[in-house]
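Position 1 is the first residue of the sequence; numbering continues from there.
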Amino acid sequence: MKNRQRLKRTGWARTAPVRAVRGFVQVVGVKSVVRKELAVEVYGLDELRQLDGPALIVANHASHLDTAVLVSTLPAERRRRTAVGVSSDYFFNSWARRSASAIAFNAFPIGVFPNGPSPTEPISMEQSGAFGSTSARLLAKGWSVVIFPEGTRSNDGFVRPFGSTATRLAIDCSVPVVPVGVLGTYAAMPRGSYWPIPGRPRVSVRYGSPIMPRSEETMTEFGGRIADAVRQLLAEDASTWWQTQRGLAAVPEPPAASWRRIWQQSDPPVKGGKLPELHIWRR
């Protein structure tokens, strides 16, 4: 058990030499590959630029591309001070994946509570594991943390129920949550693929306004607002912000058979809404 815990430690990835290597890898490697293989559109970066201090960046999760795309679109100042919480099931079950993800994305294993603990019952350090230690310490030191609350990639490209990890962390650490809607990565590199499909498929990344818990708001209610914000960002891509506010654009989650849902999400999303504010290859 102790050896396993030691293998999951990633503090070395935040030392000065590794941070310098990561800056090079993210700009010259990851960002260049994303630019070459995908047609990425980014919206709402002003929300991040106007935000001071650390934040929880919460996004839906449909593909292994999500981390690369999201990190590539972050403003340089925040990207340099961002870590990514990932499930240890895949990225931390081998030395190669563990080292590569820690170097390239500052990734660390994070505990996930699929159904969430009781909103009135505090989480002990033993229960929370890396969730309570690494995530909270990073936020306290001024790092932003990326979390995928679904816990794992979607099987069909549609958003799965959010766990309580991000909600509890935001409340306990008093940090804002920045919702992000990532659309198109499922079609660009679905499960079982190790490289994006040819043709530079379209991917859209939309950052929303920071969210803080309201007074007397329960953890369940706050978590629902976070999930709704991510879903609204996904809906905006096919319509407009005004239409989603008026409830005229339904989030595309039909109660259909699994094969039909997968088939629908296997095509790159059709461009909608306003023109992109910024492409990731521009400063």
Side-chain angles (χ1 to χ4, degrees), residues 43-44 47-48 51 53-62 66 70 84-87 110-123 127-128 131-132 135-136 139 144-183 185-186 204-256 261 265 273:
Y43 304 82
E47 301 286 358
L48 277 177
L51 185 64
L56 269 180
I57 301 171
V58 174
N60 59 298
H61 195 18
D66 294 336
L70 198 156
V84 181
V86 299
S87 172
I110 188 169
V112 177
F113 300 91
N115 299 318
S118 168
T120 58
E121 183 177 341
I123 300 174
Q127 289 175 307
S128 62
F131 164 73
S135 302
L139 290 166
S144 293
V145 175
V146 173
I147 290 180
F148 299 104
E150 293 164 88
T152 186
R153 291 169 294 159
S154 170
N155 290 322
D156 54 18
F158 290 92
V159 181
R160 295 158 52 94
F162 279 16
S164 64
T165 309
T167 310
R168 170 64 76 178
L169 191 57
I171 293 173
D172 288 351
C173 298
S174 299
V175 294
V177 173
V178 177
V180 186
V182 182
L183 190 66
T185 53
Y186 181 85
S204 171
V205 181
R206 291 178 178 263
Y207 292 91
S209 301
I211 301 173
M212 289 291 289
R214 297 165 180 159
S215 59
E216 301 182 359
E217 186 176 37
T218 67
M219 192 177 77
T220 300
E221 292 169 341
F222 182 43
R225 278 206 296 132
I226 295 172
D228 287 345
V230 172
R231 293 174 187 274
Q232 178 176 314
L233 290 167
L234 295 173
E236 284 177 19
D237 194 76
S239 55
T240 65
W241 176 86
W242 177 246
Q243 286 178 317
T244 59
Q245 293 296 308
R246 297 181 63 191
L248 300 180
V251 178
E253 293 194 20
R261 291 162 64 92
Q265 292 292 78

Looking at [atom1] of [X] and [atom2] of [Y], how far apart are the two atoms once the value is rounded to the nearest 0.5 Å?
X    : Y    : atom1 : atom2 : value
L234 : L183 : CG    : CG    : 6.0 Å
M212 : E217 : CE    : CD    : 11.0 Å
D172 : M219 : CG    : CE    : 9.0 Å

Give me the atom names and distance for the closest heavy-atom approach of [X] to [Y].
X    : Y    : value
E47  : S209 : OE2-OG, 3.0 Å
R225 : P213 : NH2-CA, 3.8 Å
G181 : L233 : N-CD1, 3.7 Å
S135 : L169 : CB-CD2, 3.5 Å

Short side-chain to backbone donor-acceptor contact, [X] and [Y], under 3.5 Å:
X    : Y    : value
N60  : V182 : yes
R160 : H61  : no
S144 : A55  : yes
S164 : T167 : no
E150 : F162 : no

Out of V177, I211, V146, V178, which residue meets the side-chain contact (heavy atoms from CB on, under 4.5 Å) rule with V58?
V177
Would you say the side chain of [Y] lies within less than 4.5 Å of the side chain of [X], judging by non-hydrogen atoms?
X    : Y    : value
L56  : I147 : yes
R206 : S204 : yes
P54  : V145 : no
E221 : R214 : no
P149 : T165 : no
Y207 : V205 : yes

